[in-house]
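Data first, discussion second: the structure below is written as structure tokens.
Proteins come first, then strands; the chains are lettered A, B, ... in the order of their sequence lines, and each starts at number 1.
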Number of protein chains: 2
Amino acid sequence: MSSEKTLNDWERKFQDNGYRLTTPRREIIRVVAESLKPLSPMEIFDIARQSIPTIGLVTVYRTIEKMESLKLIHRVHHINQCQTIFRSTQDHQHLLICTKCGKTEYFEGLDVEHAFEALSQKYEIEITGHSFQLFGICKTCANKPDKEQPSQ
Amino acid sequence: MSSEKTLNDWERKFQDNGYRLTTPRREIIRVVAESLKPLSPMEIFDIARQSIPTIGLVTVYRTIEKMESLKLIHRVHHINQCQTIFRSTQDHQHLLICTKCGKTEYFEGLDVEHAFEALSQKYEIEITGHSFQLFGICKTCANKPDKEQPSQ
DNA sequence: GTGCTTGCAAATTCTTTGCAACTTT
DNA sequence: AAAGTTGCAAAGAATTTGCAAGCAC
């Protein structure tokens with residue numbers, strides 16, 4: 001899908017949901033829809049500002065909120081930015097996280113590395129690492145609908 | 001591996017690398033090594049403070065730094081915390097990211113969902129979502145050793 | 001005209017840095 | 001004793017909120 005089509009789609013989604021298409025908002029949408037890489041709010045701001053110098057960073061944050069609620073974007077894991085930490089194991093990097101209580105464990109039984117060679121060639125990129133996390137509701141939380149934290 | 005063993009391992013790693021084992025540092029290590037879930041710096045601080053009330057949040061940040069350089073921990077993707085955004089597609093959530101220039105694209109050719117049913121049963125958790133990202137060096141960057149950004 | 005949206009300023013929250021006092025080795 | 005480490009205070013970033021003026025519909 002061309003980015004021009006994406007852009008129209010996004011603008012239509014905004015209107016269909018009762019959001020107005022203002023000049024700054026359209027520019028922010030355009031920047032994100034056409035970007036080849038994940039962007040931080042400040043990066044979006046800097047790019048958008050080149051066309052609309054009076055734009056405010058706050059508007060960027062608020063437009064991101066709306067794009068997210070419309071599911072037009074999602075958040076990308078950049079290792080250096082995430083500040084939630086967990087003990088690592090040498091072997092496995094595959095995590096299973098309960099979104100309700102936070103309980104987390106490493107899991108085995110899903111081999112993804114076997115496909116890396118073929119993907120490297122197909123997409124012309126040398127794969128050097130990966131992040132793989134599954135989210136779900138653990139047994140304990142499924143049985144207790146109320147908020148519950150693990151012992152620590 | 002029991003968390004007691006983990007704890008001893010970690011303390012030894014600190015000492016082997018010339019870091020001193022101080023009271024606050026040991027407590028922070030203990031909290032992280034024994035935690036069942038990923039923790040933010042503030043959460044670590046709050047738990048550690050229960051045993052060592054005089055501990056400082058700064059020490060938590062600095063100990064995290066050291067644990068990370070010793071590869072005892074790693075950072076976990078929590079969707080609500082990461083502020084780097086990228087357009088989403090309805091179908092695929094699998095990203096290929098060049099760590100040098102940031103260029104990102106969705107990829108196909110790796111079916112992970114097929115294993116979810118078996119994993120759900122094995123780990124007693126209902127899987128509701130996942131995040132899967134591959135990191136690497138794209139062809140363009142591999143040919144140009146200098147820093148280079150994609151057009152946007 | 002109505003009501004959503006904007007940008008500013010200020011308030012919060014999060015993270016890093018400088019430094020003198022303190023601990024570990 | 002030497003060198004690494006601590007916690008405070010302050011600086012610096014990043015994000016959110018209140019609000020009057022402005023704009024889309």
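Look at Thr22(B) and you won't find any side-chain N or O under 4.0 angstrom from OP1 or OP2 of dT24(C). Taking 4.0 angstrom as the limit, Gln15(B) places none of its side-chain polar atoms (N or O) nearer than this to OP1 or OP2 of dT24(C). For Tyr61(B), no side-chain nitrogen or oxygen approaches OP1 or OP2 of dT16(C) to under 4.0 Å.
With dT15(D), dT15(C), dC25(D) as the candidates, the nucleotide lying closest to the side chain of Gln83(B) is dT15(D). Of the candidates dT6(C), dT6(D), dT15(D), the closest approach to any side-chain atom of Arg25(A) belongs to dT6(C). Closest approach to the Arg20(B) side chain among dT25(C), dT16(D), dG7(C) is made by dT25(C) (side chain taken as heavy atoms from C-beta onward).
Note: CD (Glu65(A)) to P (dA14(D)) measures 18 Å, nearest angstrom. Per the geometry, CD1 belonging to Ile64(A) stands 16 Å off P belonging to dT5(C), to the nearest Å. Arg26(B) has its CZ atom 15 Å from the C1' atom of dT5(D), to the nearest Å. Arg75(A) places its CZ atom 11 Å from the C1' atom of dT15(D), with the value rounded to the nearest Å. Atom CD of Glu11(B) is separated from atom P of dT25(C) by 10 Å (rounded to the nearest Å). Look at NZ on Lys66(B): it is 14 Å from C1' on dT16(C), rounded to the nearest Å. If you take CG of Asn17(B) and C1' of dG4(D), they are 14 Å apart, rounded to a whole angstrom. Following rounding to the nearest Å, Asp46(B) (CG) and dC14(C) (C1') show an atom-to-atom distance of 14 Å.
Nearest-nucleotide positions on DNA chain C place Val58(B) closer to the 5' end than the other of Val58(B) and Thr23(B). Annotation: of the two residues near DNA chain D, Tyr19(B) and Leu21(A), the 5′-most nearest-nucleotide partner is Tyr19(B). Of the residues near DNA chain D, Gly18(B) and Ile55(B), the one whose nearest nucleotide (by heavy atom distance) lies more toward the 5' end is Gly18(B).
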Tell me which donor-acceptor pairs under 3.5 Å the side chains of residues 56-70 of chain A have, and how far apart each pair is, sequence neighbours excluded?
{"residue": "Thr63(A)", "atom": "OG1", "partner": "Thr59(A)", "partner atom": "O", "Å": "2.7"}
{"residue": "Glu68(A)", "atom": "OE1", "partner": "Arg75(A)", "partner atom": "NE", "Å": "3.2"}
{"residue": "Glu68(A)", "atom": "OE1", "partner": "Arg75(A)", "partner atom": "NH2", "Å": "2.8"}
{"residue": "Glu68(A)", "atom": "OE2", "partner": "Arg75(A)", "partner atom": "NE", "Å": "2.7"}
{"residue": "Ser69(A)", "atom": "OG", "partner": "Lys66(A)", "partner atom": "O", "Å": "3.0"}

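Nucleic acid contact for Gln81(B): none, since no nucleic acid atom lies under 4.0 Å from a heavy atom of the residue. Base contact: Arg62(B) has a heavy atom under 4.0 Å from a base atom.
A salt bridge is absent between Lys13(A) and Asp16(A); no separation between the charged side-chain nitrogens and carboxylate oxygens falls under 4.0 Å.
The two residues Thr84(A) and Pro38(B) make their nearest non-hydrogen contact at CG2-CB, 3.4 Å.
Note: Tyr106(A) OH to Leu95(A) CG = 5.0 Å, rounded to the nearest 0.5 Å.
In this structure, His94(A) has its ring center at least 6.0 angstrom away from the ring center of His130(B).
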